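Here the structure comes first, spelled out in structure tokens, and everything after it is commentary.
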Amino acid sequence: MDNQRTLLFAALAFIAVLIWQAWQKDYVLPQQIQQQVQSEGVNSSTDVPNVAKSEPLPTGVNQETEPKDLALKGGVIEVITDVYELKIDKVGGNIVNLYLTQYPDTKGLEETVQLLNNTPSKTFVVESGLIVQNGESPNHHALWSASDSQYVMTGDELRVPLTWKNESGIEVTKTYVFSKGSYKVDVETSIENNGSNSWSAREYLQIKRNDYADKKANSMIYTYTGGVLYTDEDKYQKIDFDDMEDENLSQEATGGWAGMIQHYFGVAWVPEKENNYTYYTKALSAGKYVIGAYSPMTVVEPGQRKTINSVLFAGPKLQEQLKEIAPGLELMVDYGKLTIIAEPIFWLLSFFYDFVGNWGVAIIMVTFTIKALFFKLSEKSYKSMAHMKLVQPRIVALKERYGDDKQQLNKAMMELYKTEKINPLSGCLPILIQIPVFIALYWTLLESVELRQAPFALWIDNLSAADPYFILPVIYGITMFFQQRLNPAPVDPMQKKVMQMLPIMFTGFFAFFPAGLVLYWIVNNLLTIAQQTVIMKRIESGKEK
């Protein structure tokens with residue numbers, strides 16, 4: 001059995017799926033979004049969370065006139081920290097525009113990654129506020145005030161307070177607390193009741209996004225974009241936009257968090273751990289989607305002051321920072337079903353990087369390590385293929401002798417395998433065992449933001465982008481060609497022609513893959529060629545039975 005042929009056909013199917021997903025992302029989704037934006041408007045009242053049926057939605061938001069009137073009275077607050085440049089809209093008191101100043105959008109250019117935006121075609125904003133059963137409320141359509149229009153971090157912490165008041169003596173202060181070097185933003189919502197009656201409200205935290213496609217993303221690589229939810233009971237869940245279209249989520253949990261993720265970056269709200277929040281999703285008009293959580297009712301008596309604390313994460317999916325913010329938040333790094341394998345691989349990759357200071361060299365060292373771990377399994381597989389190659393001329397002779405008589409041919413081949421003590425299946429299991437590790441490594445290299453725009457050497461100055469001169473893909477194709485020469489050739493002429501074309505086809509595919517992934521496969525192929533060559537020579541010389 002030609003194990004390499006089986007793997008190559010599986011890889012072709014995998015690449016075909018990637019191409020289909022890329023076509024959906026590049027052509028289908030942008031057309032759908034454009035049609036939705038042109039044909040529909042946003043009903044501003046529907047993006048406030050729907051609480052229990054006995055408690056109607058707040059009546060303080062007039063969807064026809066209030067947003068327009070408030071826009072004239074509002075304005076934006078500019079905030080600059082060591083990692084952010086962002087804008088807070090006084091209408092709603094929410095972050096509607098956010099740049100990650102430490103992450104260039106395109107390597108070598110000054111423009112940085114814009115994570116949050118608020119336009120009809122590209123919506124990604126965070127919203128929070130309070131909702132009440134009756135009367136006006138400081139929700140994300142209300143008008144907030146601030147003492148300044150610009151805040152700049154000069155120390156280890158920057159506080160940006162916004163205030164909302166009503167005629168009943170209720171004063172709400174929402175304060176964004178930014179910490180130096182951190183993508184964690186503490187949000188303190190303080191309620192002071194200076195009136196004569198008790199006041200009740202629920203806090204809600206939500207993220208609103210549409211399913212826009214990143215035009216600069218690699219169209220050959222598919223990564224998940226959509227909602228994510230983590231609770232102690234159900235752990236990590238993906239809730240994609242189709243799920244939100246099909247059904248509104250409503251799930252109670254103590255602790256946990258809700259977020260929206262995309263390749264390399266993400267946004268999440270982490271409510272108070274001790275309170276029982278209701279997590280929810282909604283599909284809005286104009287192709288927008290919401291995921292969030294609302295709290296139980298908070299009652300503030302006259303003369304009292306209460307503060308609700310929550311955490312906002314908005315930035316690159318750096319695993320060390322995510323682990324410190326909330327349990328399970330590091331799962332925003334989407335390694336898929338093989339997270340349990342991918343996380344140790346990333347740890348190993350980081351260990352080597354700390355030692356050598358180059359992610360490309362770290363990839364090479366991880367490849368050597370994985371190859372060493374599976375050395376004995378690989379050896380067994382390669383020995384099987386080497387023995388198969390030695391008897392290949394005799395199999396061809398049997399095929400010529402029996403022609404189209406498949407039954408007699410198979411019987412003769414089984415007798416040959418028995419005589420030569422060859423198990424044609426013995427090479428399959430070692431390779432199958434390694435496949436999950438290879439796939440996990442693929443996702444590790446693809447998803448880790450630490451490797452984004454990381455240089456290697458010479459002309460490779462960005463491991464997360466394709467080789468600009470296609471040198472690595474060509475080298476990969478050459479190594480694949482020589483690796484095939486070490487394996488038994490297919491007996492069927494048509495299969496033989498297909499196998500001969502595969503190095504050229506894969507060179508074309510890999511021309512669009514990130515250089516870091518191609519580098520891994522080149523090193524892996526070179527090590528495989530070296531190991532197979534040694535085994536083949538030992539078998540041919542009679543040193544291996």
Side-chain angles (χ1 to χ4, degrees), residues 17-44 46-49 94-100 105 113-127 140 205-230 236-250 257-269 279-293 312-317 331-334 336 443 446-447 449:
V17 172
L18 291 180
I19 293 173
W20 179 84
Q21 291 171 332
W23 178 79
Q24 289 279 323
K25 183 171 67 174
D26 286 349
Y27 297 101
V28 177
L29 289 177
Q31 292 178 5
Q32 292 175 346
I33 292 171
Q34 185 64 28
Q35 291 170 359
Q36 289 169 330
V37 170
Q38 291 175 352
S39 62
E40 300 183 28
V42 178
N43 184 335
S44 62
T46 61
D47 59 358
V48 177
N94 301 302
I95 301 174
V96 295
N97 193 305
L98 183 144
Y99 286 89
L100 305 174
D105 193 34
V113 170
Q114 184 177 14
L115 182 58
L116 299 181
N117 197 5
N118 192 23
T119 62
S121 61
K122 188 176 181 180
T123 301
F124 196 1
V125 295
V126 291
E127 298 169 338
H140 70 276
L205 313 163
Q206 65 184 27
I207 305 164
K208 185 190 299 178
R209 195 188 198 281
N210 62 357
D211 191 12
Y212 61 83
D214 184 359
K215 294 181 180 179
K216 296 182 181 179
N218 189 329
S219 59
M220 289 294 293
I221 301 298
Y222 170 78
T223 55
Y224 176 76
T225 297
V228 288
L229 176 64
Y230 182 92
Y236 183 76
Q237 308 169 59
K238 289 182 183 178
I239 307 173
D240 61 31
F241 299 127
D242 289 338
D243 293 333
M244 296 182 193
E245 288 279 2
D246 294 340
E247 184 180 10
N248 290 340
L249 172 73
S250 181
W257 51 268
M260 291 267 193
I261 63 172
Q262 61 190 51
H263 195 200
Y264 293 134
F265 306 102
V267 177
W269 277 113
Y279 290 94
Y280 62 90
T281 62
K282 280 187 177 185
L284 306 176
S285 58
K288 292 180 173 62
Y289 303 90
V290 168
I291 187 169
L312 170 67
F313 168 81
K317 294 184 284 188
L331 296 174
M332 291 179 74
V333 183
D334 186 28
W443 284 111
L446 185 64
E447 270 290 313
V449 69

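This one's a predicted model, so the numbers in the text were calculated from it and none came from an experiment. Here, residue 1 is the first one in the sequence, and each next residue gets the next number.
Phe124 carries Arg209 over the face of its six-membered ring, with the cationic atom under 6.0 Å from the centre and within 45° of the normal.
Across all their heavy atoms, Phe313 and Gly266 have their closest contact at CE2-O, 3.5 Å.
You'll find the side chain of Lys288 stays beyond 4.5 Å of the side chain of Phe241, heavy atoms only. Within the 4.5 Å cutoff, the side chain of Asn97 has no heavy atoms near those of the Leu116 side chain. Under the 4.5 Å side-chain criterion, counting only non-hydrogen atoms from C-beta, Leu312 is in contact with Val267. Taking 4.5 Å as the limit, some side-chain heavy atom of Trp269 sits within range of a side-chain heavy atom of Val126. Side chains of Leu331 and Tyr230 form a contact here, defined as non-hydrogen atoms less than 4.5 Å apart. Ile207 has its side chain out of reach of Glu127: every pair of non-hydrogen atoms, C-beta onward, lies at least 4.5 Å apart.
Every side chain to side chain contact (heavy atoms under 4.5 Å, CB included) that Ala293 has, sequence neighbours left out, goes to Pro271, Tyr277, Tyr279. Residues satisfying the side chain to side chain donor-acceptor pair (under 3.5 Å) test with Asn117, not counting sequence neighbours, are Gln114. Take Tyr264 and apply the side chain to side chain contact (heavy atoms under 4.5 Å, CB included) test, not counting sequence neighbours, and it matches Val449, Arg452, Ser464. Residues satisfying the side chain to side chain contact (heavy atoms under 4.5 Å, CB included) criterion with Ser250, sequence neighbours excluded, are Thr278. For Phe265, the ring pair (Phe, Tyr, Trp, His ring centres under 6.0 Å) partners two or more places apart in sequence, or in a different chain, are Tyr103. Under the salt bridge (Lys or Arg N to Asp or Glu O under 4.0 Å) criterion, Asp243 pairs with no residue at all, not counting sequence neighbours.
Proximity of a side-chain donor or acceptor of Lys208 to a complementary backbone N or O of Val125 within less than 3.5 Å is not detected. Judged by distance alone, the side chain of His140 and the main-chain N or O of Leu205 form no donor-acceptor pair under 3.5 Å. No donor-acceptor pair closer than 3.5 Å links the side chain of Asn210 to the backbone N or O of Gly287. A donor-acceptor pair under 3.5 Å is absent between the side-chain atoms of Thr281 and the main chain of Asn248, judged by distance alone. A distance-only check finds a donor-acceptor pair linking the side chain of Glu447 to the backbone of Asp334 [under 3.5 Å]. Asn94 contributes no side-chain N or O that, together with a main-chain N or O of Val96, makes up a donor-acceptor pair within less than 3.5 Å.
Rounding to the nearest 0.5 Å gives a distance of 8.5 Å between CD1 of Ile261 and OG1 of Thr223. Once rounded to the nearest 0.5 Å, the distance linking CD1 of Ile95 with CG of Leu115 reads 10.0 Å. Here CG of Leu284 is found 10.0 Å from CE of Met244. Values are rounded to the nearest 0.5 Å. Rounding to the nearest 0.5 angstrom, the gap separating the CG atom in Leu98 from the CG atom in Asn118 is 12.5 Å.
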| request: Determine, stepwise, if the pair Met260 / Val228 fulfils side-chain contact (heavy atoms from CB on, under 4.5 Å). | output: CA-CA 6 Å; Met260 291 267 193; Val228 288; over 6 Å; no
| Criterion side-chain contact (heavy atoms from CB on, under 4.5 Å) on Thr225 and His263, from CA distance to verdict | CA-CA 7 Å; Thr225 297; His263 195 200; over 6 Å; no
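Using a 3.5 Å distance cut-off with no hydrogens or angles, the side chains of Gln262 and Tyr224 do not pair a donor with an acceptor.
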